[in-house]
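As structure tokens, the structure follows; a few thoughts come after it.
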Amino acid sequence: MDSKYSAIGGPNSENQNKHGFLKRKKAIVENLMIKKPKFSNGTTSVIEKNNCHEKKGGDQKVEIEKVVKENLQDARKQLPVYMVKARLLEEVKRNDTMILIGETGSGKTTQVPQLIHEMRLEGPGVIAVTQPRRVAAITIALRVANEMNTEVGSIVGYSVRFEDVTSNRTKVKYLTDGMLLREAIVDPLLKKYSFVILDEAHERTVNTDVLFGIVKLAQKERINQKMHPLKIIIMSATMDVDSFRKYFNNCPVIYLEGRSYPVTIYHSKMKHEDYQYAALCTIFQLHATTPPNHDFLVFLTGQEEIETIMHNIKQIAKETPGPSIRVCPLYAGLPPAKQLQVWKEAPPNTRKIVLATNIAEASVTIPRIKCVIDAGVVKERTWCTRTGAERLRVRACAQAAGWQRAGRAGRTAAGAAYRLYTAAEFAARPQHNTPEIIRCPLAPTILLLIAAGMEPSTFPLIDAPPEDSIKASLVLLKELGAIDNETNPKLTVLGKKMSAFPIDPKYSKVLLSAPEYGCLEEALSLVAVLSSENVFHTPMHKREEALKVKQKFISPIGDHITLLNVFRAFCKAPLKKQWCKENYLNHKNLSYACEVRQQLLTVCQRLNLTVSSCGSALDQLLKCLLSGLFTNCAWARGGAGTGGRYVTGSGAAAALHPAGALHAMRPPPPAVLYTELLHTRRPYLVTVSAIQPQWLHQVAPEYARRCRAVR
DNA sequence: GAGCACTGC
């Protein structure tokens, strides 16, 4: 390694501290160095053990429970945040808003709400703690309930989509930020809460960014109206503190020391043209020089890349002496059963190499990783305001992501991180990723803001999206009939109903038009599938077979009816898991679509919509779909024989995606309705159905006229 | 005739 990498953070480096080489910022209010706790990792396993032995004799159980509780309390008191308890509570009492910066393991997420509650600082109100991910909201609530010796759903509860485990006794409520946002539509002043704690703020998801504005306005308005005050706590890992502080009127910032282990960071000494090749070289160099029980975690960009490198590793390993290798892929699209491999310990004298996307950066934690190899790239989705085209491109990731990835090697012991790029390249990268709100379609967010009674033009966002992006979304909402005008938008009756659905406004429009076309039954299923993830699972090596099996679902009308066929067959299948496996379908995503459908049905019933079926009159369903997706039409260009070249309503050229049901159709349909315009190697129309050109004039006459002028 | 990172209501 020495020949190719140089370590940063030598004795004179400002990046070094006494915990190791991982960069940490200096404290403004507090900077505490905390000793390692006695029960750093034992606590959880004791709890699990206890749960497993629940049926044991009474006395023994009590005995075990007592030990567990004592250990839990001991462990709590060892947490960095617990040690600044007095000071922290003092600051909480004194300030309405504060920022809490805490590294992994500082205990801020589990302890701060408990400390506040122990002092009854929340008064008659509830403490809300938001998380970007639902698994986190659930597991943290369970843990805190355990620490407080109560059942989850009583004093401590959680609320995520499809699941509300709270009661009127709940005082500490963990919820996804999306969930709090939906609550804000009904109650923009968040009256039931006396504290709102926004956790993982550094991730800068659209939802947290919008919540910043909501809580800021609610806090101000509650003072104006002389109501009980709203206290705000922003919690985050190291981040762009200055901009956060400025946004929250120079509120105080408290730093907590983390509890992770030192990670030594190495940079590549020279630039690599091909990071995949560099990754392979580094893997085998390290394989030859480190003990076999050191697990590796390699950060790559996507499924295809991971599968390729996995194949290469296996080939090279055959001809390489030394310990054997177990390669584990990890990306979100992988079926859960296959993801489980990652958490299994490798047999003796076998090295585990995990090849992961950035799912391993924050969403999941893999134990025992001693060595991180970071290609320094990420696949990012961007959106073109003018054409509505989305593009996935590989980009260099920000410095913050580099630190986050490196930190994954120091979760359970000291480790090392090898960056496949030079220190100079790293220094030239932006400190933080572009916030999501800058690069995504805004129509859903803007509709939500208007529904919550906010004014989009003056709503305080920490980073403002491009002007034309906001404008485009307002135009779309006007065309959908959700708002009355674009300059001073007010919600229409239709818009109010649209905001009741937790889906893209285009799709809520489809559902609300469905009774008119007598197809709500079908529309619910279709929209549920379209709002979920891809239901087809196509492993690279079994592509042919997967395509063959898919044939039985395919409709000559197009992909939408094909999806409907899949969904209906899934609902009827008795052994769903097995059936999905046989048909190369993603069980998780189809089950999710079922839950979404149920939720959408409930909203429809609340709005008194008539649920009827159009039977075999599928034209009705497509017209209904067009009522929400009328901006997604494309027309065949240059007549027959041109092999599916199309131009969209916004003038963008694109081709039918080869995996689609209409791709082989000759001649290609003169007009199509597409779900997505996606730019990969070329611009493609994805999930497409054939329509009659005159339908657009019937369904959206105003748009059709404007669109013809452009074409 | 290609290939989609990650979340969330």
Side-chain angles (χ1 to χ4, degrees), chain A residues 130-137 159-164 175-186 200 203-211 299-308 330-334 356-364 375 377-382 390-395 397 401 404 433 436 439-440 444-445 447-448 451 499-505 507-508 528 531-540 543-544 546-547 586 589 592 595-596 599-600 602-603 643-644 655-660 662-664 676 678-687:
Chain A
T130 70
Q131 293 294 318
R133 283 168 290 275
R134 47 182 284 141
V135 207
S159 173
V160 297
R161 191 180 192 177
F162 312 131
E163 219 184 334
D164 183 359
L175 71 177
T176 48
D177 41 22
M179 213 60 197
L180 188 60
L181 219 44
R182 300 290 321 171
E183 287 186 14
I185 298 180
V186 187
E200 310 287 5
E203 292 191 21
R204 301 295 308 276
T205 65
V206 176
N207 289 346
T208 23
D209 270 20
V210 173
L211 277 176
F299 281 98
L300 298 164
T301 64
Q303 174 180 352
E304 201 183 346
E305 189 171 277
I306 286 171
E307 284 181 1
T308 309
L330 182 67
Y331 48 89
L334 199 69
T357 60
N358 53 349
I359 190 174
E361 203 176 288
S363 308
V364 301
V377 277
V378 67
K379 209 174 261 185
E380 196 180 70
R381 203 168 184 135
T382 54
E390 298 199 73
R391 194 191 281 257
L392 276 163
R393 50 163 51 130
V394 174
R395 287 191 45 178
C397 56
Q404 180 78 22
N433 281 327
E436 205 184 351
R439 53 183 165 84
C440 75
T445 305
L447 179 65
L448 190 135
S499 70
F501 290 95
I503 48 174
D504 190 293
Y507 293 142
S508 39
S531 322
S532 307
E533 292 296 306
N534 187 11
V535 298
F536 298 106
H537 178 243
T538 325
M540 230 171 39
R543 201 179 59 187
E544 295 299 318
L547 288 180
N586 187 316
N589 293 347
Y592 188 81
E595 289 203 82
V596 173
Q599 190 186 29
L600 299 177
T602 309
V603 180
L656 295 179
H657 194 277
L662 299 177
H663 185 253
E676 203 179 7
L678 187 69
H679 199 124
T680 46
R681 208 178 279 182
R682 293 162 57 197
Y684 285 109
L685 305 176
V686 186
T687 316

* Asked: Which nucleotide, B:dT7, B:dC4, B:dA2, lies nearest any side-chain atom of A:E533?
  -> B:dT7
* **Qualifying residue for side chain to side chain contact (heavy atoms under 4.5 Å, CB included) with A:T357, from A:I306, A:T301, A:L330** => A:I306
* Asked: Between B:dC6, B:dG3, B:dC4, which nucleotide has the shortest distance from any of its atoms to the side chain of A:R681?
  -> B:dG3
* Asked: Where the side chain of A:R133 is concerned, which of B:dA5, B:dT7, B:dC9 is the nearest nucleotide?
  -> B:dT7
* Does B:dG8 have OP1 or OP2 sitting under 4.0 Å from an N or O in the side chain of A:T176? -> no
* Do A:Y592 and A:E533 come close enough that some side-chain heavy atom pair is under 4.5 Å? -> no
* Asked: Is it true that A:E305 and A:K379 have a side-chain N and a carboxylate O under 4.0 angstrom from each other?
  -> no
* To do: Choose from B:dT7, B:dC4, B:dC9 the nucleotide whose nearest atom is closest to any side-chain atom of A:P502.
  => B:dC9
* To do: Using atom CG of A:D209 as one end and atom C1' of B:dG8 as the other, report the distance to the nearest whole Å.
  => 14 Å
* Distance, rounded to the nearest Å, where A:R393 contributes CZ and B:dG3 contributes C1' -> 18 Å
* To do: Can you tell me the distance, in whole Å, between the CD atom of A:E436 and the P atom of B:dA5?
  => 17 Å
* What's the CG-P distance between A:N358 and B:dT7, to the nearest Å? -> 9 Å
* Where the side chain of A:T357 is defined as all heavy atoms beyond and including C-beta, which of B:dC6, B:dG8, B:dA2 is the nearest nucleotide? -> B:dC6
* Protein-nucleotide distance (A:Q303, atom CD; B:dC6, atom C1'), rounded to Å -> 14 Å
* A:V160 or A:L678: which one's nearest nucleotide on DNA chain B is closer to the 5' end? -> A:L678
* Asked: What's the closest nucleotide to the A:I359 side chain, out of B:dA5, B:dC6, B:dA2?
  -> B:dC6
* **Closest to side chain of A:R182, choosing from B:dC9, B:dG1, B:dA5** => B:dC9
* Decide side chain to side chain donor-acceptor pair (under 3.5 Å) for A:E595 and A:Q599; before the verdict, give the C-alpha distance in whole Å, the side-chain angles of both, and the deciding distance to 0.1 Å. => CA-CA 6 Å; A:E595 289 203 82; A:Q599 190 186 29; over 6 Å; no
